[in-house]
Number of protein chains: 2
Amino acid sequence: MSADSQETKRQARGRARIDQILLAAAETFGDLGYESATTNAIAARAGISPGSLYQFFKNKEDIAHALSERYAEQLSGVELGTGGVEPATLESAVHAAIVPIVEFNRANPGYKALFARTDMPASMREAVAPVRENLHGRVRVGVARLLPHLDDGDLERTVLVVMHMVQGLMPLIVAAPDAERAALIRELERSLVAYLRSVP
Amino acid sequence: MSADSQETKRQARGRARIDQILLAAAETFGDLGYESATTNAIAARAGISPGSLYQFFKNKEDIAHALSERYAEQLSGVELGTGGVEPATLESAVHAAIVPIVEFNRANPGYKALFARTDMPASMREAVAPVRENLHGRVRVGVARLLPHLDDGDLERTVLVVMHMVQGLMPLIVAAPDAERAALIRELERSLVAYLRSVP
DNA sequence: GTAGAATACGAGCAATTACTCGTGTTTGTC
DNA sequence: GACAAACACGAGTAATTGCTCGTATTCTAC
C-alpha cells in the first residue's frame with residue numbers, strides 16, 4: 001500500500017514528511033472534498049513540492065488509504081462505551097458511544113470527506129476499508145451485547161441500519177452551531193435508542 | 001436558469017432534445033456520479049454533439065438544476081400518504097410515505113447522484129434546491145400533522161432528522177437485492193415510527 | 001419565397017490535474 | 001571521506017474536460 005513495493009527504509013525526516021503530508025491531506029480533503037482536493041494543493045499545504053509527495057505515496061488514492069489507516073488507528077484508541085463497566089441503561093450505552101464519535105468527527109474534518117459519503121467511487125471503497133471494518137466490527141460487538149438474541153442475519157442488518165443512521169445525521173450534527181448540535185445529538189441518541197428497543 | 005437569459009422560443013424539436021438530454025444526464029449521473037459524468041458523455045448518450053447540448057443548457061450545473069426541477073415536478077405527482085384518508089396508525093402513515101419514496105429512488109437512478117450525498121459542492125446546493133424544498137415542505141406537513149404539539153424549532157429539527165434518517169438508509173435499500181430490501185424497508189419504517197413515537 | 005431564428009455539428013481551445021523525470025542535496029554506513 | 005540510498009525540487013507532460021466557435025441545415029412567420 002505504501003509508495004514503494006520493496007519497502008524503502010524511511011529516515012526520521014521521511015517519517016516526519018509523511019506526517020506532514022497526511023495532515024495536509026486531511027485538511028485539504030476536509031476543505032474541498034476528496035475529488036476536488038488536488039495533489040498539488042496537498043503538497044503546497046504540506047510545504048513540499050509535488051515531486052516530494054510522490055516519494056511517499058504512489059498516487060492520490062494511496063494517500064486516502066494511508067489516511068484511512070491512520071484514522072482507524074486513532075479510532076481504535078477511542079473508547080466507544082462505558083469502559084468495561086456494564087452500562088446501566090440502553091440510553092447510557094448509546095450516549096457513551098455517540099459522544100466520542102461526534103467528537104472524533106468534529107476533530108477530524110478530513111474524516112467526513114472520506115467516509116461520510118453515500119456515493120463513493122469504487123477505487124475509494126478499498127482505500128477506506130480499514131476504517132469501515134474497524135467501526136463495523138465494534139458496532140457489531142456493541143449491538144450483539146445489547147441484543148444477544150439476534151441471529152447473524154438480523155444482527156448484521158441491525159448493525160448496518162445503526163451505522164447508516166449515525167452516518168446520515170452526522171453531517172447535520174457537525175455542521176450545526178453549538179446549541180443546536182446538542183439538540184441534534186439528543187435526537188440521534190433518541191432515534192437509536194427507540195430503534196434498538198423496537199427490534200423484536 | 002435556462003440556457004439563455006432572454007428566453008429562446010423552443011420548437012417542438014428543441015423540447016424533444018431537452019428531454020433526451022435530461023434523460024441521458026440522469027442515466028449518466030446515475031452511472032458515474034455528478035462530477036465524473038462528462039458533458040461530452042451526456043451528449044453522446046443523448047445522441048447529439050457537445051455543441052448541441054450547449055444550445056439548451058449554459059453549463060453542466062444548469063443541467064443538474066433542470067434535472068432537479070424535473071424531479072421536483074415528478075415528486076409533486078407522487079402521493080406520500082394515504083391520499084386524504086386519515087391513516088389509521090403511525091405505522092401506516094410512515095409506510096404510505098416510505099414505499100413511494102423508495103420506488104421513486106429505485107426508478108430514478110440519477111436522483112441519488114444529485115441528492116443522496118452528504119458532501120455537496122456549494123455550486124450544487126443551489127442546483128438541487130427545487131427538490132430539497134419540495135420534499136422538505138411535504139415532510140414538514142406530514143410531521144406537523146402527526147405531532148401537532150411541536151413548536152417551530154422542534155418541528156424543524158424533527159423534519160431534518162427524519163429526512164436524514166431516510167437519506168442515510170436509502171442507498172442501502174436501493175442497492176440491496178430484493179429480499180434484503182424488503183427487510184431494510186421494514187427497518188427504516190420501524191426506526192422512523194420508533195423515533196416519532198419517542199418525540200416528547 | 002425569404003428572412004431570421006432555432007437547431008445542429010464537431011474540431012479544437014484553454015484550463016486543469018495527476019503524475020514524472022532529470023537533477024541536485026542530505027543522511028546513514030563503512 | 002566515500003558511497004549509496006533517501007530526500008527534495010519544480011518545470012514539464014499527457015490526458016482529461018467543460019465549453020466555444022465557425023459553419024451549415026431546418027423550421028417558423030410573413
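Letters go in sequence order (proteins before strands), and every chain restarts at 1. Note that these values count all heavy atoms, side chains included, but never hydrogens, waters or copies made by symmetry.
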Of all heavy-atom pairs between A/Pro100 and A/His95, which one has the smallest distance, and what is that distance? CD-O, 4.3 Å
End axis versus end axis in the helix from C/dG1-D/dC30 to C/dC30-D/dG1, the angle rounded to 10°, five pairs used at each terminus: 10°
Determine whether the side chains of B/Arg190 and A/Ser198 contain a donor N or O and an acceptor N or O closer than 3.5 Å. yes
Would you say A/Glu187 and B/His164 are linked by a side-chain donor-acceptor pair, where the criterion is simply a distance under 3.5 Å? no
Are more than 12 heavy atoms, taken from residues, nucleotides or ligands other than B/Asp151, located less than 6.0 Å from that residue's CG atom? yes
Test side chain to side chain contact (heavy atoms under 4.5 Å, CB included), reference A/Ile185, set A/Leu169, A/Ile98, A/Ile101, output is A/Ile98
More 5' along DNA chain D: A/Lys9 or A/Ile48, using each one's nearest nucleotide? A/Lys9
Record whether the side chain of A/Gln11 comes under 3.5 Å of the base of D/dA6 through a donor-acceptor pair of N or O atoms. no
Figure out the [atom1]/[atom2] separation between [X] and [N], and round it to whole Å.
X       : N      : atom1 : atom2 : answer
A/Phe56 : D/dA5  : CZ    : C1'   : 13 Å
B/Arg13 : D/dC27 : CZ    : P     : 5 Å
B/Asp62 : D/dC19 : CG    : C1'   : 13 Å
A/Gln55 : D/dC7  : CD    : P     : 7 Å
A/Arg10 : D/dA6  : CZ    : P     : 8 Å

Counting any heavy atom closer than 4.0 Å, what does B/Gly51 reach on the DNA or RNA strands: base, sugar-phosphate only, or nothing? base
Need one value for B/Leu53: base, sugar-phosphate or nothing, where a base atom within 4.0 Å counts as base even if backbone is also close, heavy atoms only. nothing
Checking A/Asn59 side chain against A/Glu61 main chain: does a donor-acceptor pair fall under 3.5 Å? yes
So, does B/Lys60 use its side chain to make a donor-acceptor pair with the main chain of B/Tyr34 at under 3.5 Å? yes
If the threshold is 4.0 Å, N to carboxylate O, is there a salt bridge linking A/Arg138 and A/Glu133? no
Heavy atoms within less than 4.0 Å of DNA chain C: which residues of residues 32-44 of chain A have one? Give them sorted by number. A/Ala37, A/Thr38, A/Thr39, A/Asn40
Which is the 5'-most and which the 3'-most nucleotide of DNA chain C that has an atom under 4.0 Å from a heavy atom of chain A? C/dT17 to C/dT27
Is the phosphate of D/dC7, meaning OP1 or OP2, less than 4.0 Å from a side-chain N or O of A/Ser52? no
For this output row, return yes or no: ring centroids of B/Phe104 and B/Tyr111 closer than 6.0 angstrom. yes
